[in-house]
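Structure first, then comments.
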Amino acid sequence: MRTAFYILFFLVTVFTLRSQEIERKIVIEKGRFYYTTIDPEQQMGTLYTGNISASLKTAKRLALPAGRNYNDPVNPFCWDVLNETVYAVNSLKHPMNDQNESLKRFPLASLQDWSDKVTITEMLNKSIDYNTFTPNIPYAFVTKKSKVLDHFFYDAIALDDTTFCMGLTNNNEFSFWTFNGTGWNHLEMTNFPVSGYFSLFNVKQDVYMILDNGKIYSVSAKKVIPLTEKILNTELSKGFLIINKDDGSVKFLKNDQLNDHTALNELIKKKAIAIF
Amino acid sequence: MLKMMLRCLLPALLLLPFASFSQDFSYSNVHIVSVTFSGGNLNIRKDEGTGSYSSPQWLATSTTKNPVAYVSGNAPKAAAVFTIDCATVPDSVWVRGNASDAISFPAKHVSVANSATTVHDFNYPSTTGSHVFTAGIVRFFKPFAIDWEISFDNGSTWKPIGTTNNTIYVTRSAPQSKTSEFKWFRTVYDLSCRNAQTKTTDADIISSVWSEFTDHVVLNWNGDSLFYYKIMNSPNVTLATLLKYKDAECYTFAQLFLSSIKIQGVVRTNNYVYITPQNNSVCGHTVNRFIVKDWAFGTPSASATCPGFPYMNTYTTLIPAPYHAYAFTTADVTDQAGIPGSCNINPSSYFNNHQIALLDGIYYDACYGVTFNTLSDIKTAAFSGWSYRYTTGSTTYAYFTNDLNLSDLTETISTY
């Protein structure tokens, strides 16, 4: 009987985490971890946070007034945490959600636990009228250049309190955008085919892009340089990045190595693959 | 004890002559237990989101029978399990089935299993039907019936055992591959095959499937209505949630229409269109809302703020519980009954964007059951006006115009 209970408990735990997979990455800042999941039916995001010395299953669950769509192919939720602020590209499909206003910034302290009063419906309503911190000019640019979306992927990160970066691919083209608090600078590259989503990450002020095939590029508003010595020997979709903003490291953990009972710092030490 | 034996013996003696001469003992003691279809049948997902239908597809103990799907050009293959309740049974019997579409499951000589009781099992082996479903044609069998028969005399005489009924969908071609968005749900098969029955060409299949949407009554496989905004803030935006909850937004009706085309193997790329205002600037803001007919424009209160968009509404929560009406705090513009949507005479009508299908140069708006030849036709046929809005504190200020020339639609196109 006891064995059956433990098996059931294990399966429920694993299923719960697997059914809402970690979106892109875990961010570590000031000794705390952050990761997000997307509701499998209603698109809305949840931000999880906890102490790095604790396991993922102990994380606090905060309702995000943002989420992502289920378009195929999937572009995972674009989000970041920096200096007590959550950044997100609110790409959810909703007839009132304006993609041109999808760039959102929420004070971490303003986020609430999911509860009877903080519901999906309420967060959905909140998300569609939540003011953007700056119009999504990169999206407008790409969709104006070509109304046909093919291999349309994007990601965004915050470098500091005023610098926000966004990368987009469409029709074998890539553009990289930097917002400095008042305006955007950008770089365009043609003949840049991708077969799946990519992720941006930074090491201090240097920005990198990792493609679905594991290739890594250094990216700036001036040039994109492949880092031949930095190739992740697995597909990006097989796991998630671990961006440690405290020690500047960047690692990768495969989904099948995820164990939500082990302290995250121990899990990283034992299982994660170092990138930077 | 003796009395009891006599009570049993008397009816037996009375029935003996009939059984001896006609071999017509009660066939009601032969029962169909199950029927299993195989032979390349397609996966069918349950609308409820609880996985796929399994086999046996027909079970006597189940009140509902599972559907079956094949690609045309294939023959159905069926196996069946029977029981006979009889004290003395032969070692073997003959079984056959006569099915819809003049398909027969040929007679098979099958063994009757030994049993310690009077109930014995016998199985009709998995057997391919006599002919294929004609290649290249959509078929819809509701039901696909198999009349099962048994013979105790090597096939000289046949007696009916019973009939099994299953719904069978036959797609014209192999369905397109499943994706995270397009899945082979039962209603997708049902809506598609029900409407496109006997059709062969892409054009005929598209127009037949489209006919499901034109009367504003879109039904699932069970005859239940699929509502466009049964509640005005329905959060459902996927095909899966439309079919599960039977209530959803515009995205899902476009997806249902396109899925019902794809399930027949009809291939069209760049078929899914996202339309939204072109985001032109007015009065320091961008136009990013439109209102679908009809809205009544009252006395403008914001002419001084924005002459081009002089009508102003305000709100804190646009659609509060129970989610059946807009709740403006102040309103120069009010929602009226106008263009009906699927199973709803006055659905939500204040939007940033809308999703429609594009096939062979025609825009298909599946929630409203109407088509357009050009993008610009949409605003003139369906819109009451444009809007922009911004939020200050907890109040959102929305400004409107009924001058349709003050903005236009833009589109992005992807492949569903």
Side-chain angles (χ1 to χ4, degrees), chain A residues 19 21 38-44 65 67-76 90-102 104 117 119-132 135-137 139-153 170-171 237, chain B residues 49 178-182 229 231 233-241 244-245 249-252 269-270 272-274 276-279 286 288-290 292 315-321 323 348-355 375 388-392 394-396 398 410-416:
Chain A
S19 63
E21 292 195 343
I38 294 295
D39 183 89
E41 277 195 348
Q42 310 299 359
Q43 308 179 90
M44 298 307 294
R68 72 152 169 88
N69 60 53
Y70 307 122
N71 285 356
D72 187 47
V74 170
N75 190 67
N90 184 27
S91 72
L92 55 84
K93 275 183 176 174
H94 188 283
M96 296 289 267
N97 187 42
D98 186 353
Q99 296 303 318
N100 293 294
E101 297 182 349
S102 59
K104 310 289 186 181
K117 292 179 181 174
T119 62
I120 291 268
T121 300
E122 188 196 326
M123 298 313 289
L124 201 53
N125 286 337
K126 189 173 179 181
S127 78
I128 57 182
D129 279 326
Y130 198 99
N131 288 330
T132 181
N136 193 341
I137 298 299
Y139 171 82
F141 178 89
V142 169
T143 54
K144 189 172 182 181
K145 192 169 185 183
S146 171
K147 67 181 181 182
V148 175
L149 301 181
D150 185 21
H151 291 78
F152 178 56
F153 300 106
N170 191 36
N171 294 315
S237 61
Chain B
K178 289 168 254 185
T179 68
S180 61
E181 293 185 296
F182 169 59
Y229 287 111
I231 58 169
N233 66 344
S234 170
N236 301 324
V237 294
T238 62
L239 175 64
T241 49
K244 182 176 179 180
Y245 299 110
E249 300 176 0
C250 56
Y251 299 78
T252 65
T269 56
N270 296 333
Y272 192 60
V273 182
Y274 174 96
T276 191
Q278 61 185 13
N279 252 34
T286 54
N288 64 357
R289 295 284 189 272
F290 56 87
V292 174
Y315 62 88
T316 50
T317 301
L318 184 60
I319 308 171
Y323 317 118
S348 292
S349 51
Y350 180 40
F351 301 128
N352 163 263
N353 60 75
H354 190 54
Q355 311 272 309
L375 194 62
Y388 71 83
R389 62 89 181 87
Y390 60 85
T391 301
T392 300
S394 61
T395 301
T396 297
T410 184
E411 63 183 341
T412 52
I413 303 172
S414 55
T415 299
Y416 178 80

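In what follows, chains carry the letters A, B, and so on, assigned in the order in which the sequence lines appear, proteins first and then strands, with residues in each chain numbered from 1. What you see is a predicted model, and the numbers here were worked out from it, not measured in a lab. The figures here come from the full heavy-atom set of this structure, side chains too, leaving out hydrogens, waters and symmetry mates.
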Which atoms of B:Asn279 are under 4.5 Å from chain A, going by heavy atoms: the side chain, the backbone, both sets, or neither?
side chain

Go through the atoms of A:Asn131 and report whether side chain, backbone, both or neither lie under 4.5 Å from a heavy atom of chain B.
side chain

Please classify the contact of B:Thr241 with chain A as side chain, backbone, both or neither, using a heavy-atom distance under 4.5 Å.
side chain

pair A:Leu92-A:Asn69: side-chain heavy atoms closer than 4.5 Å
no

From the list A:Lys126, A:Gln43, A:Met44, A:Gln42, the residue making the most non-hydrogen contacts under 4.5 Å with chain B is A:Gln42

Check each atom of B:Ser180 against the heavy atoms of chain A and say whether the ones under 4.5 Å are side chain, backbone, both or neither.
both

May I ask you to check whether A:Tyr130 and A:Asn90 show a side-chain donor-acceptor distance below 3.5 Å?
no

With a 4.5 Å limit on heavy-atom distance, are the side chains of A:Ser91 and A:Gln99 in contact?
yes

Ranked by heavy-atom pairs below 4.5 Å to chain A, first place among B:Ile413, B:Thr415, B:Val237, B:Asn270 goes to B:Ile413

Is chain B contacted by the side chain of A:Asn97, its backbone, both, or neither, given a heavy-atom distance below 4.5 Å?
backbone

How about B:Lys178: does its NZ atom have over 12 heavy atoms from other parts shown lying under 6.0 Å from it?
yes

Hits for ring-ring contact (aromatic ring centres under 6.0 Å, His included) against B:His354, two or more places apart or cross-chain, chain-then-number order -> B:Tyr368

Rounded distance [0.5 Å steps], OG1 in B:Thr412 versus NZ in A:Lys147:
10.0 Å

Run the side-chain hydrogen bond (donor to acceptor under 3.5 Å, both in side chains) test against B:Asn288 and tell me which residues pass, sequence neighbours left out.
A:Asp98, A:Glu101

Side chain from CB out, backbone as N, CA, C, O: work out which of these in B:Phe182 comes under 4.5 Å of a heavy atom of chain A, or both, or neither.
neither

Using a strict cut-off of less than 4.0 Å between a Lys/Arg side-chain nitrogen and an Asp/Glu carboxylate oxygen, indicate whether B:Glu249 and A:Lys93 qualify as a salt bridge.
no

Measuring heavy-atom distances to chain A, does B:Tyr416 have an atom under 4.5 Å in its side chain, in its backbone, in both, or in neither?
neither

Is B:Phe290 close to chain A through its backbone or its side chain, or both, or neither, when contacts mean heavy atoms under 4.5 Å?
neither

Below 4.5 Å from any heavy atom of chain A, which atoms of B:Thr396 appear? Answer side chain, backbone, both or neither.
side chain

